[in-house]
Amino acid sequence: MTIEAPRPSVVDVSHVKVFGIIGAGQMGLGIAQVAAQTGHDVILLDASLDLAEKGRAKLAKSLDRLVEKGKLGGTERDAVLARVRAAKDASELVTADVVVEAATENMDVKIKLFQAADAAMKPGAILASNTSSISITKLAGATKRPDFVAGMHFMNPVPVMKLCEIVRGVQSSDNTIQVLTALARAMGKTTILSKDIPGFLVNRMLIPFLNEACFALQEGVGTPEDLDLAGKLGLNHPMGPLELADLIGLDTCLFIAEVLHREFGDDKYRPASILRNLVAAGWVGRKSGRGFYVYDEKGNKTKSAL
Ligand code: NAD
């Protein structure tokens with residue numbers, strides 16, 4: 001049995017004023033919202049300026065929904081949005097104190113983004129990844145600042161979920177871990193610390209569970225609705241496994257399952273064929289309007305898709 005390193009002490013992070021966020025998808029926008037709500041300026045990047053602007057417009061819509069529900073004041077909504085700026089490419093990350101990469105869960109994509117961000121960022125700035133499963137140490141190895149690289153894994157939806165998993169790469173410095181831990185806490189999150197092992201702590205447990213629900217479904221053990229009720233009422237989970245997989249994105253779930261399978265070399269992690277097939281069909285869950293369930297334009301579940 002190995003003994004864990006002591007938990008990181010909390011340091012002052014008042015110097016972290018500018019956040020760079022790469023990837024304006026569901027996670028990147030959630031991180032942008034929380035970063036801006038906690039007073040940070042946000043530089044938002046996607047694969048093009050057009051996509052970054054579309055992401056910012058989406059964020060504006062979700063802030064509007066919060067105002068309608070009375071969860072956010074109109075003035076605060078305007079202040080939050082004013083802090084988020086869509087940017088054209090990595091060169092604009094030069095002023096960032098911390099960058100969180102939240103692009104598509106794909107190693108080649110992330111390596112290229114890490115190289116570009118590293119080349120643009122100022123010395124001493126921290127480059128973190130929100131990856132669910134990709135090796136932080138490999139991403140760090142693509143940069144000239146491996147000691148300033150670590151994982152900062154938020155949960156979905158970011159504004160609601162209380163946890164942020166900090167991942168220590170082999171070369172992450174103590175200061176990098178301390179700053180990201182303090183920053184996550186300043187953003188209202190509780191932190192846990194994981195070693196850089198595939199799936200870290202959260203997805204090491206979650207993905208095999210979701211994948212097992214897929215196997216049970218394809219074996220005809222029960223309907224999607226009954227599997228989800230089993231999770232909700234039998235296990236007291238707030239969401240059933242199939243609706244949660246749809247929320248995460250079936251492409252992301254499959255990618256993480258493949259990482260666990262490949263990296264551990266253990267067939268217990270092999271992805272279920274129904275998961276592979278739905279991803280191959282482009283039915284990747286809520287973000288595409290269809291996965292295990294069908295969703296309307298507002299993202300509300302309407303019926304089972306199977
Ligand atoms: P998503 O598909 O909603 O968004 C990904 C975004 O990355 C898209 O906007 C896409 O255009 C952008 N992108 C792709 N290539 C790019 C490039 N070259 N440069 C800049 N942007 C690019 O995915 P997501 O669910 O937001 O996941 C993003 C990351 O967060 C992944 O690493 C994922 O594993 C991780 N994550 C996801 C969840 C979840 O529940 N979905 C939870 C925790 C962590």
Side-chain angles (χ1 to χ4, degrees), residues 20-34 43-59 62 86-93 99-117 120 127-136 138-139 142 151-167 184 189 192 194 198-207 209-210 238-239 241 243-260 279 282-289 291 295 299:
I21 295 176
I22 307 173
Q26 53 178 342
M27 294 305 291
L29 294 181
I31 300 166
Q33 180 184 327
V34 177
I43 302 165
L44 185 63
L45 280 172
D46 204 284
S48 66
L49 178 59
D50 184 46
L51 285 172
E53 277 168 350
K54 282 192 175 128
R56 187 175 180 278
K58 238 183 183 174
L59 175 61
S62 58
K88 69 173 188 334
D89 61 34
S91 67
E92 300 202 38
L93 295 173
V99 171
V100 181
E101 171 280 314
T104 309
E105 187 75 345
N106 177 298
M107 176 68 111
D108 296 340
V109 169
K110 288 189 191 286
I111 292 273
K112 287 196 185 104
L113 292 173
F114 262 60
Q115 286 167 339
L127 178 51
S129 178
N130 186 53
T131 179
S132 306
S133 61
I134 290 174
S135 163
I136 296 299
K138 278 190 197 153
L139 294 177
M152 192 179 198
H153 181 215
F154 291 91
M155 308 294 128
N156 185 13
V158 183
V160 175
M161 297 292 280
K162 288 284 168 233
L163 191 73
C164 182
E165 185 175 38
I166 305 295
V167 184
K189 306 302 178 197
I192 53 175
S194 173
F200 316 130
L201 291 173
V202 171
N203 285 311
R204 176 76 175 269
M205 296 186 280
L206 176 63
I207 295 300
F209 170 61
L210 301 187
M239 294 178 85
E243 51 189 7
L244 178 56
D246 269 359
L247 173 70
I248 293 169
L250 303 186
D251 51 344
T252 301
C253 291
L254 176 60
F255 190 92
I256 303 169
E258 283 172 336
V259 168
L260 294 174
V279 174
W283 294 338
V284 296
R286 197 184 286 203
K287 64 186 170 185
S288 69
Y295 298 86

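Owing to the predicted nature of the structure, the values given are computational and were not obtained by experimental measurement. In listed order, ligands and their atoms are each counted from 1.
- Close approach to Thr131 involves these atoms of ligand 1, each under 4.0 Å from a residue heavy atom: 32 (O).
- Protein heavy atom at the shortest distance from atom 11 (O) of ligand 1 is Asp46 OD1, 2.6 Å.
- By the 4.0 Å heavy-atom criterion, Met155 is excluded from the residues contacting ligand 1.
- From Leu51, atom CG reaches atom CG of Leu44 across 10.5 Å, with rounding to the nearest 0.5 Å.
- Applying the 4.0 Å criterion to heavy atoms of Ala102 picks out, from ligand 1, the atoms 28 (C), 29 (C).
- Residue contact annotation: Phe255 has no non-hydrogen atom under 4.0 Å from ligand 1.
- Residue Ala103 has at least one nitrogen or oxygen atom sitting less than 3.5 Å from a nitrogen or oxygen atom of ligand 1, judged on distance alone.
- The shortest contact between atom 14 (C) of ligand 1 and any protein heavy atom is with Thr104 OG1, 3.1 Å.
- In terms of protein heavy-atom proximity, atom 16 (C) of ligand 1 is nearest to Ala47 CB, 4.1 Å.
- Asp251 has a carboxylate O that lies under 4.0 Å from a charged side-chain N of Lys287, or vice versa, which qualifies the two as a salt bridge.
- Residue Lys110 approaches ligand 1 through these ligand atoms, each under 4.0 Å from one of its heavy atoms: 31 (C), 32 (O).
- Between atom CD1 of residue Ile43 and atom NZ of residue Lys88 there is a gap of 11.5 Å, rounded to the nearest 0.5 Å.
- For the pair Gln33 (side chain) and Pro159 (backbone), a donor-acceptor distance under 3.5 Å is absent.
- Around atom 33 (C) of ligand 1, the closest heavy atom drawn from Gly25, Pro157, Ser133, Ser132 belongs to Ser132.
- Taking a 6.0 Å sphere around NZ of Lys138, one finds it holds 12 or fewer heavy atoms contributed by other residues, nucleotides or ligands.
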Could you go through the side chain to side chain contact (heavy atoms under 4.5 Å, CB included) check for Thr131 and Phe200 one step at a time? CA-CA 10 Å; Thr131 179; Phe200 316 130; 4.2 Å; yes

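- Residue contact annotation: Asn130 has a non-hydrogen atom under 4.0 Å from ligand 1.
- Within the set Lys287, His153, Met161, the minimum heavy-atom distance to atom 2 (O) of ligand 1 is found for Lys287.
- Heavy-atom contacts of Leu113 reach the following atoms of ligand 1: 17 (C), 18 (N), 19 (N) (cutoff under 4.0 Å).
- At a threshold of 4.5 Å between non-hydrogen side-chain atoms, the residues Leu93 and Ile22 count as touching.
- Ranking protein heavy atoms by distance to atom 37 (C) of ligand 1, first place goes to Met27 CG, 3.4 Å.
- Annotation: the span from Ile31 atom CD1 to Ile21 atom CD1 amounts to 5.5 Å, rounded to 0.5 Å.
- Comment: Lys112 does not engage Asp108 in a salt bridge, judged by the lack of any side-chain N to carboxylate O separation of less than 4.0 angstrom.
- Contact annotation: Ala24 has at least one heavy atom less than 4.0 Å from an atom of ligand 1.
- Counting protein heavy atoms only, atom 32 (O) of ligand 1 is closest to Glu105 OE1, 2.5 Å.
- At least one N or O atom of Ile248 sits closer than 3.5 Å to an N or O atom of ligand 1.
- Checked by atom type and distance alone, the side chain of Asn203 pairs as donor or acceptor with a backbone atom of Ser132 at under 3.5 Å.
- Polar contact check, Thr252 against ligand 1: no nitrogen or oxygen pair lies under 3.5 Å apart.
- In terms of N/O distances under 3.5 Å, ligand 1 is approached by Gln26.
- Residues Val99 and Leu45 form no side-chain contact, since every pair of their non-hydrogen atoms from C-beta on lies 4.5 Å or further apart.
- For the atom pair Met155 CE and Lys162 NZ, the distance stands at 13.5 Å (nearest 0.5 Å).
- Near Asn156, meaning under 4.0 Å from any of its heavy atoms, are these atoms of ligand 1: 39 (C), 40 (O), 41 (N).
- Remark: ligand 1 and Leu51 share no N or O pair separated by less than 3.5 Å (distance only, no angle test).
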CA sep, side-chain torsions, deciding dist, call: Asp50, Ser48, side-chain hydrogen bond (donor to acceptor under 3.5 Å, both in side chains): CA-CA 5 Å; Asp50 184 46; Ser48 66; 5.0 Å; no

